[in-house]
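Treat the numbers as computed from the prediction; the structure is a model and nothing was measured.
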2 protein chains.
Amino acid sequence: MGSSSPNKRRYHHGGLSEALVQAGIDILTEGGIGQFTLRECARRVGVSHAAPKNHFPTVDHLKSEIGARGFEQMVRELAVAADAAAGQSADSRFIAMGIAYVRFATANPAAYQMMFRDQQGFACTPRFLEAAEAAWDQLEEAVAAVIGLDRPDVEARAAHAFALVHGFASLIIDGRLPPDLATDQVIAQSLESLPDALRGVGTA
Amino acid sequence: MGSSSPNKRRYHHGGLSEALVQAGIDILTEGGIGQFTLRECARRVGVSHAAPKNHFPTVDHLKSEIGARGFEQMVRELAVAADAAAGQSADSRFIAMGIAYVRFATANPAAYQMMFRDQQGFACTPRFLEAAEAAWDQLEEAVAAVIGLDRPDVEARAAHAFALVHGFASLIIDGRLPPDLATDQVIAQSLESLPDALRGVGTA
DNA sequence: ACAAAATATTTACAGCGTCAATATTTATGT
DNA sequence: ACATAAATATTGACGCTGTAAATATTTTGT
């Protein structure tokens, strides 16, 4: 023992990669995506600007890792929202998750962007892929609970629900909805019709 | 007459700003957003790297102008799609527009990104604001045609529809839907339930 | 204790957006 | 027509970025 970082006390810094991820999240939280820089992350941690190379071959790998944490936290928050609505109907629980989804995205816009854009170079970390898939699984389960467990088109219906909440999240983050719009209300109202739509009421 | 550019034949280049916009669009079409650079635009047009400054104080202003062209073309394409479905029901026309929307976005992903992201510095050109508002008006009209012209909540319903198609567009552009998913079919199916949802069937 | 592996630093490079100073062309007023 | 002002383009520089190579330092394994 005796390093700067508490848990993993090995090598020079003792957990630089984790420290870089945390510094990146801090930068994103404080200054948004425009402030995010590999060199700034290194500066915050107190290492040279080339030190990150040993842990992340490219800045996109660091971004990917930050996106992974975003997915992990989002899954946690959605689970909490679902639990909080445990007593209610499946539809209500589903709607509560949708609201929590948009709430998470708008509360952590920079992290959300790391989860969905900005890495079309696709330097996806294994952890990112796992976390993203876990989020997708959570979505599919939620959809299945609403449309019935034996439906063959869960994937397609999940994509439908995904598009709606992701659309709201993206539009709000980018400020592309009318400023006078009561966003929360609009989202809640839009989500209300979603379970029926997913079930295909009136479509056979 | 006697300049390099055909129409506006004045000053040194004779329409540099328009040429820069076109060069930018070309770069985006060919190489995507990662290749887009103010200096590369200048290079293509054959002017020095600082020449654009006289027309666009900042690279974001050029991006904004490119986004404006994106909105303008999109409005045109949606109008064409609506006309092509002129004989059908209002719902069918609306769905056709939604499909055309996603089609435009996925066919011009880089332009679409210039329309919706990447300028949170908000160096919005007047032309951008006008074009974006025209697109919004088109959306509201389409929604009004489906839910009824005298509804007070057109804006909220338009946001609902907007979120759905924008969500699909964004997810496809960023490659965030399962690769095996029959996207076109999923979108068509999701859009089918949208008119009823907008009308608030079963919600009073 | 020693060799090997892992980790950090230093230095360098090319590219970027932006700015200031300068040059050149076009437009304008008389 | 000509001088002058305005508009437009060039050159060179600055600080920033991500990345790479060479070097130094620390930790690990035996």
**OP:** Could you walk me through whether A/Met74 and A/Met115 pass the side chain to side chain contact (heavy atoms under 4.5 Å, CB included) test, one step at a time?
**Re:** CA-CA 10 Å; A/Met74 189 176 75; A/Met115 293 158 64; 3.8 Å; yes
Test: [X] and [Y] ion pair at under 4.0 Å:
X        : Y        : result
A/Arg93  : A/Asp83  : no
B/Arg157 : B/Asp196 : no
A/Arg43  : A/Asp26  : no
B/Glu130 : B/Arg127 : no

Rounded to whole angstroms, how far apart are [atom1] on [X] and [atom2] on [N]?
X       : N      : atom1 : atom2 : result
B/His61 : C/dT18 : NE2   : P     : 10 Å
A/Leu62 : D/dT17 : CG    : P     : 14 Å
A/His55 : D/dT19 : NE2   : C1'   : 16 Å
B/Leu20 : C/dG17 : CG    : P     : 12 Å
A/Asn54 : D/dT19 : CG    : P     : 14 Å

**OP:** Measure up the B/Phe162 and B/Phe116 rings against each other and bin them: parallel (under 30°), tilted (30 to 60°), perpendicular (over 60°).
**Re:** tilted
Subject >> Where protein sits on nucleotides 20-25 of chain D, one letter per nucleotide: B base, S sugar-phosphate only, - none, heavy atoms under 4.0 Å >> reply: B----B
Original post:
With nearest nucleotides of DNA chain D determined for B/Ser48 and A/Val59 from heavy-atom distances, which residue corresponds to the more 5′ nucleotide?
Top reply: B/Ser48
**OP:** Verify side chain to side chain donor-acceptor pair (under 3.5 Å) between A/Gln73 and A/Glu77, making sure each step is shown before the conclusion.
**Re:** CA-CA 6 Å; A/Gln73 169 151 9; A/Glu77 293 193 10; 2.8 Å; yes
Subject >> Near-ring test A/His166/A/Tyr112, centroid separation under 6.0 angstrom >> reply: yes
Produce the list of close N/O pairs, under 3.5 Å, pairing protein atoms with atoms of nucleotides 13-16 of chain C; give distances to one decimal.
unit_1 : atom_1 : unit_2  : atom_2 : d
C/dC16 : OP2    : B/Arg43 : NH2    : 2.6

